[in-house]
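Quick notes on the structure that follows.
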Amino acid sequence: MDSAREASEAPAAAAPRDLLDASSDAAAVVSGDGVVTGWTRGAEALLGLPASQVVGGPAAALVAMPADPSRVAGVAERCRAGMGWSGLVSLRHRDGRTVDVDLRVSASFRIGDDEVFLLSARPQRRHWTVGQSVLDGFLTRSPVGMAVLDLELRYVWLNDTLERFGGVPREQRLGHRLSELLPGLQAVAIESLMRKVLETGVPLTDYEYVGWSWADPHRRHAYSTSFFPLMGADDTVTGICYMVLDVTERWTARHLLAMVNEAGTSIGTTLDVLRTAQELADFAVPRFADFVVVDLLEPVLSTEGHGAWLPDAGPAPAWPVMRRAGMSSVREGCPEAVARVGDRVDFRPPPPHDAHLLGEGDPILVPVLDPADDLWARQEPERAATIREFGLHSLVAVPMRARDTTLGLATFIRSLNPVSFQPDDVLLARELVARAALCVDNARRYTREHTAAVTLQRSLLPHALTGGTALEVASAYRPADATDGVGGDWFDVIPLSGARVGLVVGDVVGHGIAAAATMGRLRTAVQTLADMELPPDELLAHLDDLVLRLSAESADDGAARQSTTAVLGATCLYAVYDPVTRRCTMARAGHPPPVVVAPDGRVTFPEPPPGPPLGLGGMAFESTEIELAENSLFGLYTDGLIEGTDRDMEAGMARLGELLAGTADDLTSLCGSVVDRLVPVPQPDDIALLLARTRALGADHVASWEVPADPAAVAEARARATRQVTDWGLGELAMTSELIVSELVTNAIRYAEGPIRLRLIKDARLTCEVADASSTAPRLRHARSTDEGGRGLFLVAQLSHRWGARYTGEGKIIWSEQDIPGQ
C-alpha cells in the first residue's frame, strides 16, 4: 500500500517542478506556511536571485513592505475557493532596489500532504513621465506665455515668453500684482476677470485685448488669454494660471475687415465729390490717423473733367494742380495751419517718394518723418516748420485711382499717436482709399451726367413765356436731387390763332439725359401739333402715337434694351384758353387735374376725363370745357409738386390750393413760394409748376358779322372791315385788311357752305377770321402766269404775318394775322 501510494504520488510531485523549470515567466510556488518551494528562471531574472538562494526560505523575505496577516489569510481563502487573487506588490531586488510587480495567485493545490500556492508576477506597466528639466525647458521656451499667481493675484512663476510679451523682467514680477506693474484700465480689467475665475472656479478662455510688446514697442499687439484655477489635493483652489498667445496677425486681419466694412457704410453716402472726400477724412480720424487730407485734381472737381490723365494718354505731369477736397484732424488748429477745403494745394510727400507717386499708383510709407531732411527743408521750408510745430512723425500717402483714372491723393499722418505706421497700416489705407476713390469717381460721373442732363433739360424748356393779352404767366422748374438724375418734367405756353393760348405740362417716365431728350421731342411735337390747330383730345392722340413709336424704336435697339434709356411713357395735360369767350378746353393723359382759383379765392380742381398715360395706346382721349372768370388763377403742375413726404396726392393737392388761394399780385413770387413750401428736401423728383392769370378781351376788341352766301355780300364785308380797322386806329392796315377779307369771304361763299361769319380781333396782332360750315380746308397754290385765278390764298399769305385753318364742331375757320405797327 505504501509503496503503491509513493509510486502514484511521485509523478504529481515532479510535475510542478518540471513545469517551473521549463517556464520563462516570473513564477514561484509557496507552501501554506510561507516557504518558497519553487522558483523559475523568469523570477530569477526579475529579482536577480537564483533558486538556490530562495527555495527553502521564507517568501516574506522577498516583500519590500510587511504583509498584513489578515490580508494573507484572505488571499488563501480566495484561492481555495477557486477565485484567485491579484494586486500590486513591491518586491526586493538583489541590488536593494524595489521592484513593483503585478502579482497574481492563481490557485492552491496539494503536493502530497502539503498545500501549496502558485504565484506569477509581471513588472508594473508605467506611464511615460517627463523629467523636471525637460518640463522646465518646455514651459520656458513655449510660444505661449504662462504664469502662476497666488490667491492674492501675485506672481509666483512665469516663463520667458510671458516676460517677453509684457516687457517687465521676471524679478520685478514675482511677488507683485499685474496692476502694480502695468498701471491702466487694461490691467484692472484682467485682474477683475481672474478674481471671477477664483470665485466661480470656472475657466475663462480666449479673452482678447490689445497691448504693447516689449520686443516690438512701436507696434500694437493683440493677445488672447485663458485663465483657469489651480486645485490642491483636497480640491481647494490654491491659485490661478493664465496663458497668453500673441494673435496679432489674426486680430489685424479681423480689424482690417471690420474697418473696411464700416467704411463701406460711412463713405460715399451721397453722390457729391467734396462730401465723399470729407467722409473719408472724417472716418479715418481718429480711428486710423491723427491728420488726414484728401486732395483732388482740379478736373475731377469740374463738372466737365474726366480726371487728370489716363494710362493711354501719355506720361502724367510731374505734379498736377490739386485742390483740397477733405480734411480732418484731432488737433485744433492743425487743419487751418495747412490749408482749407477748396484751396489750391501743392502738398507732396518728402523726396524721393513724390517722384512717381501719382504715375505708378502705389502707396508710400514714411515711418519716420524727418523735417530736418536737407532736400525737403529746402523745397518745403514752411511745410517742415509745420511738421515740427504739430509733431507730425509718420505718414502714409495713397493715390486715389478708380477705373484706370487718377483722381487725387489721400495722405494719413500721425502726431498724437506715438506709434508709427507699419506695412499692415498701408494695407488698410489702400482699402479705405480704394473704396473712397470708387465713390468719388461715381460722384464725379454722376455730377457730370446730372449737370449735362440739367443743362439739356433747361435748354429744352422755354426760356421766356408769354401769354399775350390773354394770360399773365409764370413758371418754376427744379430738377430732382435723386441719384438717378433729373426727370422729364416740362411745360410750355403756345400762342394760337384768334388770341387763344395753349398751355401744356407733361412728365416723362424715367430720369437722366434720356428722359430730358424725350421731353424735348415731346415738347417739339406738341408745338407742331398745336400749330396745326388740333383740339386737345386729338393732340393727345397724336402724341400717344409718337410715344408708342419712340418706345418701339427703343425696344428694337439692342443697346437701348440693355440700358434704362427706353421710353416707357409719359403723362400730359393740354389746355386751350380763349380770351374772347373765356372758355378753356382741356384734355389729359394720366396727369393730375389743373387747379383753378376764382377771383373770390374759391379753389377747385376741374376733372377732365382721366385719359390713360401716353404710350399705352388703344384708348381714346376726351376733352372738357370750362368757363373761367377774368382774373382767375389757372395752374398746371407735375406730381412731384404734390406728392410730398407722405406720398398723399389728395393731401398735396389740398395744400397746393391753400397756398394759391392767398393774395399775391406777383405770379413769379407766388410760384417760388409755393415750390419752396411744398417740395421736400432732399427733392426726390423734379417738379414743374405753370401758373396763368386769365384776362378777357372786351367787346371793343372784337367785331363780328354774319355774311350771306351771296357774292354781292363781299363788298359790304370789305366796307365793314375797313371801317372797323380804321375805328381801332389801325388805318395803316385798312387796305391790306380789305384785300384779306375780300379773298377769304369770296372763297367761303364760292367753295364752302353757310352760315358764314366774319370776325376781327384786335389783340397783339390784328386777326381776321372767316368761319363756315364746310370741313374742306383750302389749299395754297402757286398760279401760273396764264391762269386767271388761284392767287387768292397766295395773296393772303403774302400780306399776313401768318395764316391757317382750324376745325370746329360746326365746320372750320380760316384766319389771318397781321402785325400791328408799333407793337
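Sequence positions, counted from 1, serve as the residue numbers for this chain. Both backbone and side-chain heavy atoms feed into the values below; hydrogens, waters and symmetry mates do not.
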Could you grab the distance from atom [atom1] of [X] to atom [atom2] of [Y], nearest 0.5 Å is fine?
X	Y	atom1	atom2	value
Met194	Leu151	CE	CG	12.0 Å
Gln422	Leu427	CD	CG	11.5 Å
Thr98	Leu91	OG1	CG	9.0 Å
Leu407	Asp295	CG	CG	12.5 Å
Leu204	Tyr242	CG	OH	13.5 Å
Leu158	Asp160	CG	CG	8.0 Å

Query raised in the report: Do Glu279 and Arg275 meet the salt-bridge criterion of a basic N to acidic O distance under 4.0 Å?
Result: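 Looking at Arg275 and Glu279, the cut-off is met.
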Would you check if [X] and [Y] make a side-chain contact, meaning some heavy-atom pair closer than 4.5 Å?
X	Y	answer
Ser90	Asp100	yes
Phe390	Ser415	no
Met400	Leu409	no
Leu49	Leu62	yes
Glu180	Arg154	yes
Ile190	Thr225	no
Trp251	His221	no
Asp425	Arg414	yes

Report task. Please test Val294 against Gln278 for side-chain contact (heavy atoms from CB on, under 4.5 Å), starting from the C-alpha separation and ending with a verdict. Result -> CA-CA 8 Å; Val294 181; Gln278 187 61 45; over 6 Å; no
Do [X] side-chain atoms and [Y] backbone N/O form a donor-acceptor pair below 3.5 Å?
X	Y	result
Thr265	Glu262	yes
Asp441	Ala437	no
Glu191	Leu153	no
Ser52	Pro50	no
Asp290	Asn417	yes
Asn261	Gly264	no
Ser394	Pro367	yes

Report task. Apply side-chain contact (heavy atoms from CB on, under 4.5 Å) to the pair Leu178 and Tyr155, showing each step before the final yes or no. Result -> CA-CA 8 Å; Leu178 180 63; Tyr155 282 93; 3.5 Å; yes
Show the nearest heavy-atom pair for residues [X] and [Y], with the distance to one decimal.
X	Y	result
Asp206	Ser226	N-OG, 3.2 Å
Thr276	Ala443	OG1-CB, 4.5 Å
Val398	Pro363	CG2-CB, 3.7 Å
Asp246	Ala222	OD1-O, 3.3 Å
His393	Ser420	ND1-OG, 4.0 Å
Val99	His93	CG2-CB, 3.9 Å

**Report entry** Worked verdict on Val144 versus Thr161 for side-chain contact (heavy atoms from CB on, under 4.5 Å)
**Finding:** CA-CA 6 Å; Val144 179; Thr161 306; 6.0 Å; no
Report task. For the residue pair Phe288 and Phe412, categorise the inter-ring angle as parallel (less than 30°), tilted (30 to 60°) or perpendicular (more than 60°). Result ->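 Plane angle over 60°, so perpendicular.
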Requested in this report: Indicate the ring-plane relationship of Tyr209 and Tyr223, choosing parallel, tilted or perpendicular according to the 30° and 60° boundaries.
Outcome: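 Tyr209 vs Tyr223 ring planes: tilted.
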Query raised in the report: CZ of Arg94: more than 12 outside heavy atoms within 6.0 angstrom?
Result: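 No, because the 6.0 Å sphere around CZ of Arg94 holds 12 heavy atoms or fewer from other groups.
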Query - side-chain contact (heavy atoms from CB on, under 4.5 Å) between Asp282 and Ile267, worked out - result: CA-CA 9 Å; Asp282 292 340; Ile267 301 175; over 6 Å; no
